[in-house]
Amino acid sequence: MVSGKQLLRGARVFDHGAADALPEVSDLLIEDGAILAIGGDLGDRTEGAEVVDLSGHLLLPGFVNAHYHSNDVLAKGSFESMPLEQWGLVAGAIGNRRSLEEVRVRTLVGAIECLRNGITTVQDFSVVAPMEDRYVDTILDAYSEAGIRVIFSITVRDRSQLDTILWAKELVPPEFYDVVGREAGDPEAQLAFVERQIDRVGNRDGRVIWALSPSAPQRCSPRLLAGVAELSERRNLPVYTHVYETRTQRLFAKSEFAAYGGSVIPYMKSVGLLGPRLTLAHGVWPDAAEIEQLAESGTGVVLNMLSNLRLRSGVAPIAAYRRLGVPLALGCDNCSCSDVQSMFQVMKLYCLLGGIGETGPDVPKAAEALRLATEGGARSAGSAASIGAIR
């Protein structure tokens, strides 16, 4: 956060409320990272301010990358044609149990790429392995060093990777079971660790926004998900989880959640998770009834078109989400399956893919994509009052 006063002079200031008009030229007065005034007669309020001339520039809100994992930044470009389930067999080994120096470097590299592309807030759905204070501190210290805000969540799960990828035990030789991951963590111990980190670390002057992240419904027991729901409600924390990223996950749900009609949506509702604090990452393969349930409950979806295409997962039903008013946000996902942290690429894909199957004029346009890349991500973190717009 920049300390002291800054006067940003002469930029065209983007306003979500007038997104179709040419942004007006205006001045902004900032003090200690907060906008004090926009335009008008600023009088002697600017005394002592550092003046930054932005004439000829467009001033946009910082982008909010609403889905990302920092644990595999150094594996960028390593898997050119690997589908998600195959990628999932090696994903844990990429980032788990690495040195603290490697953790620091990979977090810094990812944060710097985000900043270079205008992302000022990133949701790190972080794999902290092992679950130790020093690993949490290393990650958050790196974000502070880079100067970026992080919506930070520690992944929890109590079902192993081998047990939750369809046919994994049949396809993986037993000598590689430990590489894929056959550990199943204790639900209460994981949640206790997460809550202790929240109390121990705090929000670091607004640079850290805490969230909760059960890895995916199929990777968590009802006891763990209910614990996440209770913690979320008690401390008013946003929740992010992976849902229906691939057709295979859809097939897995048919058998795993037969008691809930073969759907993860009523399963999550049964443990108290469905609702406005919950955001589903991906949501590529829901059916029409499930999309209606998401809309009715106010549950959000963060779309990650780059990784969905890269991992051959498919295209999310963007038109149906928009038609029913499901709250949306945009994300770049992690580096080994999207290769780049650029909301410009994500916004372009949202506009292009969102028009598939739609013949009328109501298709996603640039202003809407920009809103989802800023306000949409802020909403998912429960922070729309403080980030995502220039106000």
Side-chain angles (χ1 to χ4, degrees), residues 66-69 71-72 75 78-94 125 127 155 157 159-172 180-181 213-220 225 240-258 260-268 278-291 293-294 299-321 326 328-339 346 349-350 353-354 356-357:
H67 188 61
Y68 169 73
H69 307 268
N71 57 287
D72 69 346
S78 296
F79 307 108
E80 187 172 0
S81 60
M82 190 176 284
L84 180 93
E85 276 70 26
Q86 188 179 357
W87 172 86
L89 298 177
V90 298
I94 293 172
F125 197 128
V127 178
T155 305
R157 60 183 296 168
R159 299 191 66 196
S160 76
Q161 197 78 325
L162 278 171
D163 290 325
T164 53
I165 296 179
L166 207 57
W167 307 305
K169 285 185 176 179
E170 290 77 15
L171 295 173
V172 175
V180 173
S213 284
S215 180
Q218 71 273 18
R219 300 174 195 144
C220 300
L225 289 180
Y240 298 85
T241 191
H242 299 94
V243 168
Y244 288 153
E245 190 168 353
T246 67
R247 283 168 286 195
T248 306
Q249 290 179 2
R250 171 94 242 183
L251 182 62
F252 189 87
K254 289 293 185 184
S255 58
E256 185 70 17
F257 303 110
Y260 300 92
S263 170
V264 301
I265 307 303
Y267 172 59
M268 288 190 293
L278 177 65
T279 298
L280 312 181
H282 304 293
V284 178
W285 293 100
D287 62 27
E290 289 169 324
I291 296 174
Q293 288 176 293
L294 297 178
T299 300
V301 174
V302 53
L303 300 166
N304 304 278
M305 288 76 63
L306 282 169
S307 65
N308 296 156
L309 295 174
R310 186 76 152 77
L311 296 172
R312 316 296 191 263
S313 299
V315 177
I318 298 171
Y321 286 143
V326 174
L328 297 176
L330 302 178
C332 299
D333 211 348
N334 42 324
C335 287
S336 73
C337 61
S338 71
D339 295 333
V346 175
L349 280 176
Y350 176 76
L353 297 176
I356 292 176

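Every residue two or more places apart in sequence or in another chain was checked for a side-chain hydrogen bond (donor to acceptor under 3.5 Å, both in side chains) with Gln249, and none qualifies. Every residue meeting the salt bridge (Lys or Arg N to Asp or Glu O under 4.0 Å) condition with Asp339, not counting sequence neighbours, appears here in chain and number order: Arg310. Scored by the side chain to side chain contact (heavy atoms under 4.5 Å, CB included) test, Asn334 finds His69, Asp72, Trp87, Ser336, Cys337 as partners (sequence neighbours excluded). Listed by chain and number, the residues in a side chain to side chain contact (heavy atoms under 4.5 Å, CB included) with Ala66 are Val302, Ala329, Ser380 (sequence neighbours excluded). Listed by chain and residue number, Ile265, Pro266, Glu290 satisfy the side chain to side chain contact (heavy atoms under 4.5 Å, CB included) test with Gln293 (two or more places apart in sequence, or in another chain). With sequence neighbours excluded, the residues that form a side-chain hydrogen bond (donor to acceptor under 3.5 Å, both in side chains) with Thr299 are Ser297. Annotation: side-chain hydrogen bond (donor to acceptor under 3.5 Å, both in side chains) contacts of Thr241 (sequence neighbours excluded): none. For the side chain to side chain contact (heavy atoms under 4.5 Å, CB included) test, residues two or more places apart in sequence or in another chain that qualify with Ile356 are Leu353. Applying the ring pair (Phe, Tyr, Trp, His ring centres under 6.0 Å) criterion to Tyr321, with sequence neighbours excluded, gives no partner residue. Residues passing the side-chain hydrogen bond (donor to acceptor under 3.5 Å, both in side chains) test with Thr279: none are found, sequence neighbours excluded.
When each of Thr246, Val284, Val315 is paired with Asn308, the side-chain contact (heavy atoms from CB on, under 4.5 Å) condition holds for Val284 and for no other.
When all heavy atoms of Gly354 and Ala319 are compared, the pair lying nearest together is O-CB, 4.4 Å. Across every non-hydrogen atom of Cys220 and Pro214, the tightest pair is SG-CB, 3.7 Å. For the residue pair Ile291 and Ala320, the shortest heavy atom distance occurs at CD1-CB, 3.8 Å. The two residues Ser215 and Thr155 come nearest to each other via the heavy atoms CB-CG2, 3.7 Å.
Proximity of a side-chain donor or acceptor of Arg159 to a complementary backbone N or O of Gln218 within less than 3.5 Å is detected. For Tyr244 (side chain) and Val264 (main-chain N/O), a donor-acceptor pair under 3.5 Å exists by modelled atom type. A donor-acceptor distance shorter than 3.5 angstrom exists from the side chain of Trp285 to the backbone of Ser313, with no hydrogens or angles considered.
For the pair Leu306/Asp333, no side-chain contact is recorded, criterion being any heavy-atom separation below 4.5 Å from C-beta on. Within the 4.5 Å cutoff, the side chain of Asn304 has no heavy atoms near those of the Glu245 side chain.
Between His242 and His282, the two ring planes are parallel [angle under 30°; tilted spans 30° to 60°].
From Met305, atom CE reaches atom SG of Cys332 across 9.0 Å, with rounding to the nearest 0.5 Å.
Outside the 6.0 Å centre-distance limit, the rings of Tyr240 and Phe125 are not counted as a close aromatic pair.
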